[in-house]
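Sequence positions, counted from 1, serve as the residue numbers for this chain. Note that this is a predicted model, so its numbers are computed, not measured.
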Amino acid sequence: SRDALDMLNARQQELVRDAAREAAWWGRDEVRRREGEILDGLRAAGVTVHEFSAEARERFRSALAHIPRKFEERIGPDVMAKLSEWLDLRGRDQSDRQEILIGLDAQWSGESALVGLELKRGVTLAIEGINAQGGVLGRKLRLVARDNHGLATRGVDNLKFFAGLDDLVAVIGGQKSSVMAAEVEAVHDLALPFLLPWSAAWHLTENGYAPNQVFRLSLNDRWTAPFLAEAALTRGARIALVLENSRWGHEFERIILRHLNGRDVRPVAVLWVDNGSRGSSALLSARLAEVGVDVVILVDTPDESIPLLLELSRSLPTVGVVSHWGLLGARLTPAQLLALSTMDLVFPQTFFPAVDKRSGESLRQRMQQLLSLEEGETPVSMGSGFVQAYDLVRMLAGAITLAGSLERGAIRDALERLPRHDGVIKHHRPPFDAQRHDALGIEDYRLGRLAADGQIVPVEPVR
């Protein structure tokens with residue numbers, strides 16, 4: 001049950017999920033293997049077996065199409081992506097396909113899986129809206145999603161798979177900057193347009209390639225670091241950095257130290273956290289107490305961030321925390337949400353759909369309809385990643401129209417030449433050009449915090 005699962009730590013939960021997936025796939029294979037024997041046995045016993053016609057099967061499928069989307073979080077987005085790929089692509093002659101394909105390479109297992117689901121739902125809602133208006137160049141769009149499991153090697157394999165699909169025009173990237181960094185080289189080798197709605201490492205777009213295949217509608221740590229530094233300085237001068245011990249963390253350190261030095265501020269401590277180093281939260285908290293910190297700047301993934309934040313909420317409740325949005329995506333219990341909501345914990349966002357009455361409510365209603373959610377059911381989560389993925393797909397559709405072609409090079413060039421885009425987050429004039437492949441800047445960043453019900457709300461009134 002969900003209650004039993006919530007009592008386990010993150011690693012134990014992942015082991016249980018992996019075992020359940022393996023058992024489920026084995027069970028399905030076993031049913032398929034035995035199905036013919038079972039039906040023959042029923043017929044021999046005098047039972048009449050009715051089989052759907054192709055038309056009846058299609059009516060049945062259409063009537064239940066919302067079920068997988070509605071329960072995707074429970075079933076597992078990674079399982080749904082694999083099943084969808086098998087149903088839509090394998091065994092089908094590509095020459096018969098009429099859709100324009102868009103790839104999505106993200107992480108739907110382990111840490112930040114919920115962010116991956118938000119990205120997928122944002123892409124899906126955009127595709128549904130475009131298709132309802134007739135598609136692009138007279139053809140409908142179709143999503144092909146693959147789980148990279150947070151592994152660079154798996155992500156590169158996914159890109160090679162996408163590149164081999166006829167009529168696939170571009171790939172939407174996922175969460176981890178370390179995975180996306182490995183994929184940047186691959187997309188240039190494959191000449192594959194690559195759109196990023198989440199990963200923030202500065203070098204992903206500023207990569208030195210010409211032509212540059214990478215376009216981003218998200219944070220860029222070149223600006224995220226000074227944005228977080230200024231938020232920290234409003235909370236105190238004794239600042240400590242707690243950073244992931246990775247290329248992402250070390251690059252962030254260099255940028256933020258340069259900014260703090262310009263403000264004549266030196267961190268009282270710089271602490272490094274290795275991936276998978278669970279159990280270090282108490283030691284980190286003790287070290288922060290020892291140096292007498294006012295505010296912590298935290299840059300890490302959910303698996304390491306959440307335990308530290310919960311420890312700080314108990315041992316140093318008055319210390320402020322200014323975090324990167326890498327902490328988002330974890331499955332939190334009500335007690336954990338309550339503890340985090342009582343802290344002075346803030347992080348960057350680019351949009352607040354829950355409170356923006358102009359467009360956020362429209363998106364929410366459309367998503368509720370897509371998932372066939374009834375009145376009173378838990379509303380779908382729609383953070384900045386959701387809206388950024390949504391806007392990126394609509395930009396891509398505009399570029400395909402501008403190019404008048406499904407040739408990937410022409411679409412890449414058209415993304416640089418889009419004259420304008422009226423997005424949900426902002427009106428872009430233009431979103432990109434030949435030198436600038438980031439559609440957002442520091443002026444588009446705002447601070448958010450977690451409410452006790454799990455919603456992300458603005459620290460200051462929405463403009």
Side-chain angles (χ1 to χ4, degrees), residues 112 114-115 118-119 122 175 177 196-202 205 216-236 239 252 255-256 259-260 263 295-300 302 305 309 320-329 337 340-364 379 381-392 395 421-429 431 436 438-463:
S112 77
L114 295 185
V115 170
E118 277 199 13
L119 299 181
Q175 302 98 299
S177 287
L196 301 180
W198 186 261
S199 305
W202 69 270
T205 48
R216 176 163 52 195
L217 180 67
S218 182
L219 304 180
N220 179 328
D221 282 345
R222 184 180 295 284
W223 305 308
T224 311
F227 178 78
L228 296 186
E230 289 303 310
L233 286 169
T234 66
R235 288 164 167 78
I239 297 173
F252 199 95
I255 299 170
I256 203 164
H259 184 83
L260 290 174
R263 297 292 304 272
V295 58
V296 174
I297 296 178
L298 175 62
V299 179
D300 211 337
S305 295
L309 290 170
V321 180
V322 178
S323 175
H324 204 293
W325 67 14
L327 69 92
L328 299 174
L337 277 172
L340 297 183
S341 68
T342 60
M343 300 177 65
D344 180 18
L345 167 64
V346 298
F347 44 83
Q349 289 285 281
T350 61
F351 193 73
F352 297 95
V355 297
D356 191 306
K357 302 303 180 184
R358 176 180 57 84
S359 51
E361 187 58 31
S362 172
L363 281 180
R364 185 178 298 282
S381 176
M382 289 177 20
S384 291
F386 178 101
V387 184
Q388 288 159 191
Y390 177 87
D391 270 357
L392 263 181
M395 285 182 187
H421 178 77
D422 292 328
V424 175
I425 294 176
K426 66 180 292 187
H427 300 301
H428 304 267
R429 303 290 188 271
R436 180 180 54 82
D438 276 282
L440 301 178
I442 193 170
E443 68 277 5
D444 302 307
Y445 301 174
R446 286 176 273 173
L447 287 175
R449 66 169 74 250
L450 277 173
D453 62 357
Q455 294 294 312
I456 297 174
V457 297
V459 173
E460 297 175 352
V462 176
R463 295 190 295 270

Holding to side-chain contact (heavy atoms from CB on, under 4.5 Å), I want the full list of residues that pass it with [X], two or more places apart in sequence or in another chain.
X	answer
L114	E73, R331
P431	M395, L418, H421, H428, A439
E118	S381, F386

If you round to the nearest 0.5 Å, how far is [atom2] of [Y] from [atom1] of [X]?
X	Y	atom1	atom2	value
L219	W325	CG	CH2	3.5 Å
I425	D444	CD1	CG	8.0 Å
L392	L196	CG	CG	8.0 Å
W223	E443	CH2	CD	8.0 Å

Please confirm whether the backbone N or O of [Y] pairs with a side-chain atom of [X], one donor and one acceptor, at under 3.5 Å?
X	Y	result
T205	D438	no
S384	T350	yes
R235	A231	yes
R216	S199	yes
S341	A451	no

Can you see which heavy atom on [X] is nearest to which on [Y], and at what distance?
X	Y	value
A232	I239	CB-CD1, 4.0 Å
A229	L260	CB-CD2, 4.0 Å
Y390	V424	CE2-CG2, 3.6 Å
W202	R222	CE3-NH2, 3.1 Å

Reference residue F347; test side-chain contact (heavy atoms from CB on, under 4.5 Å); the match among I456, L447, V322, L228: I456

With L309, the side-chain contact (heavy atoms from CB on, under 4.5 Å) member among L345, V296, L450: L345

Under the salt bridge (Lys or Arg N to Asp or Glu O under 4.0 Å) test, residues paired with D391 that sit two or more places apart: R394

By salt bridge (Lys or Arg N to Asp or Glu O under 4.0 Å) - contacts of D422 (at least two apart): R420, R429

Set of ring-ring contact (aromatic ring centres under 6.0 Å, His included) partners for F252, sequence neighbours left out: H324

If we only count heavy atoms from C-beta on, is the [X] to [Y] side-chain gap below 4.5 Å?
X	Y	result
P226	I255	yes
L337	L340	no
I442	E230	no
L440	L217	yes

